[in-house]
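Values in this document were obtained by computation on a predicted structure and should not be read as measured data.
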There are 4 protein chains.
Amino acid sequence: MVTGSSSKPQRRGNTRQRIQDVTLELIAEQGYEKTSLREIAERLGVTKAALYYHFKTKEDIVVSLFTDLMTPIDDLIAWAKEQPPSLETKREILTRYSLALVGAAPLFRFMHENQATMRELSIGENFKGRMQELIAYLPPEDATLTDRVRCISALFSMHAGMFVLQDDESDPEERRKAVLEVATDLIVQAHRHGG
Amino acid sequence: MVTGSSSKPQRRGNTRQRIQDVTLELIAEQGYEKTSLREIAERLGVTKAALYYHFKTKEDIVVSLFTDLMTPIDDLIAWAKEQPPSLETKREILTRYSLALVGAAPLFRFMHENQATMRELSIGENFKGRMQELIAYLPPEDATLTDRVRCISALFSMHAGMFVLQDDESDPEERRKAVLEVATDLIVQAHRHGG
Amino acid sequence: MVTGSSSKPQRRGNTRQRIQDVTLELIAEQGYEKTSLREIAERLGVTKAALYYHFKTKEDIVVSLFTDLMTPIDDLIAWAKEQPPSLETKREILTRYSLALVGAAPLFRFMHENQATMRELSIGENFKGRMQELIAYLPPEDATLTDRVRCISALFSMHAGMFVLQDDESDPEERRKAVLEVATDLIVQAHRHGG
Amino acid sequence: MVTGSSSKPQRRGNTRQRIQDVTLELIAEQGYEKTSLREIAERLGVTKAALYYHFKTKEDIVVSLFTDLMTPIDDLIAWAKEQPPSLETKREILTRYSLALVGAAPLFRFMHENQATMRELSIGENFKGRMQELIAYLPPEDATLTDRVRCISALFSMHAGMFVLQDDESDPEERRKAVLEVATDLIVQAHRHGG
DNA sequence: TATGAATGAGTCTTCATTCAT
DNA sequence: TATGAATGAAGACTCATTCAT
């Protein structure tokens, strides 16, 4: 993504980055196991062996991707932990989550669409845990089953909404807002009864 | 015709079925590409070649699974087409969908969690198309973007709700009802504004 | 080839024949190893197992084909053995050979085009031996190397001529005559010098 | 650059070559489909995977063999195109062809004996086309069918002559000359009548 | 006279990974 | 900071063959 400041064909120091970028692009499209190192290397114009200079294993490349992604989510969780469990806080959680979602759309998309793979990718549980933690902040105390479902839906329908509408003709930012509105409504309702 | 009282490898007409069962079990757990024919065969106590007697390819096994699953959904779509586009109809669509969902939970789970794989599985588009058709029946005429999102969420949060709560201690049927309630609420709201 | 005298779908007694016919057709086109029993069976509308009722092995089917073919050649050899080694006899050998060639064109074509396969087909040496025996009758005594080549060419250019011209627009019988004429010329020449 | 004095597996740039050599040797003897990559690899003391480092497919190995072979024939065709269609030119075509034939005898032998395989080897048509082009240069204008056959025979009896006499006790170069003489005679005759 | 079901050996091919240079 | 050459393990698939029915 860094577009380099030198004028030469940028090929110094940024290889690691480029590997990550290409890998993300490919696995988002084809999945993890369908994406081979050969393919990644070819697209970069380097040898497979070169990948091994920068990363220890194939899994490592992907893990590095997710580690970068986790940061904003960890921040969000840390922030949530500090706040009072007010409805306002929860709205803010959703808002921030929606922003993280657009910020790393391909990655989220990958996770959303490749959960089976995630499970074996060592970060799998890792991420699932994060999500559950996040969900835990949403429902009111002693929520009914229905209201807990509402909160789960709030989070996941953001995924669904964004990915299904991906090729919609609507404006991305409008889309994010619409999706956020629906999610917010869901937790508001969860609080109306429970509260 | 003897229903097998001996201890020898029971050679009955059920092998095809058993292949399907084991395959579903395995791909639901590990994903499609991580599941090898060797593994399937081993678990069944037959040779890989035996699988090829019953199915033409690995993909074929999985496709056969989905073809069976498609029927109830096709029925649902056919039924929906005949009904007036009333709110009542839409509620019923969701209800029936929720029932299909529990009826073929592992399969739906697989689809939900392996969309990247689905895309290359020839039934992929197939199923995506079904879903879109189904979604098309839900929103009111001239729905706002937000209301369209609500309808999408209605359908997909049923998936999310069921699979996230999968290991919950709550009763499955109660869960289905909770999930259905949330989904129904979503389309009711979509109609309140739009209508 | 027997077109049956009954009016029912001819399916009694002639299966063996049909297997041979289809097999010949397929191996002539694709070669021996590329032609699978599955393919043969499918084309006949029977199971692979059925083939094994009629023949002991795949090789057996092909061998049976050649055994049938060998008869005219053996007859020819037997006949040649009885004749005086006159030029006239040699002409007659070529003529008879040319007739055998059209009579079993696909089979000869197969042999001509799949000599590597023939070598492992147990009839291989078998046939090669026949050919050499036949060739042995052609040259005059104490022929020069060149004249021996002429005799070899006489026989083989009949193959070449027939198969290369196979799709020519010319009349088959005319073709045979042309090819025969060239072959005859060759042995006549072989005798002009040597004789 | 060290030309290998140690006993260790000599890892030099010659592996590609060696693969080609061994492959030619094996397919010439057993045919294409009977020759497995396992066999080739074993004989070379490498793994099958190593073959795939050097060639994309099994077919590719063989194709590479033929591509090398094609060059002299293409040169011959190119040369023929420039010459006047005199009898002298045609003699020269045959002479050069006979030299190409000894230069790549095993390969020609393979082609000659495995035409069915050739047909599926993507270079098949390729080569057949070359031969037809070459043949097209030989007959006089408005040749009779018989004379066309003579020209075809001229070319093909060179194959036949060389391969049948392969194990003859005669001297290879003498053999080539004998075969060439017969072929030349054939086109001379084709011109005597037609001219 | 055939079939349904299965097997064992083998095919080509791909992959992630390694290591000397 | 990379590459050239190779490996070992595994993958999907095909084939000729068998045998109880």
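Residue Tyr53(D) places no side-chain N or O under 4.0 Å from the OP1 or OP2 atom of dA6(F). Distances shown here put every side-chain N or O of Arg38(C) at or beyond 4.0 Å from the OP1 or OP2 atom of dA16(F).
Map Thr57(D) and Val46(C) each onto its nearest nucleotide of DNA chain E; the residue landing nearer the 5' end is Val46(C). Nearest-nucleotide positions on DNA chain F for Tyr32(B) and Leu37(C) put Tyr32(B) closer to the 5' end. Between Leu51(D) and Leu51(A), the residue anchored closer to the 5' end of DNA chain F is Leu51(A), taking for each the nucleotide with the nearest heavy atom. Comparing Glu59(D) and His54(C), the nucleotide of DNA chain E nearest to each residue sits closer to the 5' end for His54(C).
When the P atom of dA6(E) is taken as reference, atom CD1 of Ile40(B) falls 15 Å away, rounded to whole Å. Atom CG in Leu44(A) sits roughly 10 Å away from atom P in dA2(F) (whole-Å rounding). Atom CZ of Phe55(B) is separated from atom P of dT14(F) by 15 Å (rounded to the nearest Å). In this structure, CD of Glu33(D) is placed 14 Å from C1' of dC15(F), rounded to the nearest angstrom. Remark: P of dA12(F) and NZ of Lys34(B) are 12 Å apart, rounded to the nearest angstrom. Glu42(C) has its CD atom 11 Å from the P atom of dT14(F), to the nearest Å. A straight line from CZ of Arg18(D) to P of dA5(F) spans 13 Å, rounded to a whole angstrom. Lys48(D) places its NZ atom 18 Å from the C1' atom of dA5(F), with the value rounded to the nearest Å.
For Val63(C) against Leu121(C), the heavy-atom pair with the smallest separation is CG2-O, 3.9 Å.
Judged purely by atom type and a 3.5 angstrom limit, Lys58(D) uses its side chain to pair as donor or acceptor with the backbone of Thr35(D).
Candidate nucleotides dA2(F), dT13(E), dC15(F) were compared by shortest atom distance to the side chain of Tyr52(D), and dT13(E) ranks first. The side chain of Ser36(B) lies closest to dA12(F) when the candidates are dT3(E), dA12(F), dA6(F). Residue Thr15(A) has its side chain nearest to dA2(F) when only dT3(E), dA5(E), dA2(F) are considered. Nearest nucleotide to the Ala49(C) side chain, out of dA16(F), dA5(F), dG4(E): dG4(E).
Between Glu39(B) and the options Gln30(B), Lys34(B), Lys48(B), a side chain to side chain donor-acceptor pair (under 3.5 Å) holds for only Gln30(B).
Note on residues 46-66 of chain B: pairs passing ring-ring contact (aromatic ring centres under 6.0 Å, His included), not counting sequence neighbours, are Phe66(B)-Phe110(B).
Aromatic ring pairs are classed by plane angle as parallel below 30°, tilted from 30° to 60° and perpendicular above 60°; the pair Phe163(B) and His112(B) is tilted.
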Q. Given pairs defined as Watson-Crick or G-U wobble with both distances under 3.5 Å, what dot-bracket annotation applies to DNA chain F, with ( ) intrastrand, [ ] crossing, | other strand and . unpaired?
A. .||||||||||||||||||||

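In this structure, the separation between CG on Leu24(A) and CG on Leu26(A) is 9.0 Å, given to the nearest 0.5 Å.
Ion pairing between a basic and an acidic side chain is recognised when a charged N comes within 4.0 Å of a carboxylate O; Glu42(C) and Arg38(C) show such pairing.
Remark: Glu120(C) engages no residue in a side chain to side chain donor-acceptor pair (under 3.5 Å) (not counting sequence neighbours).
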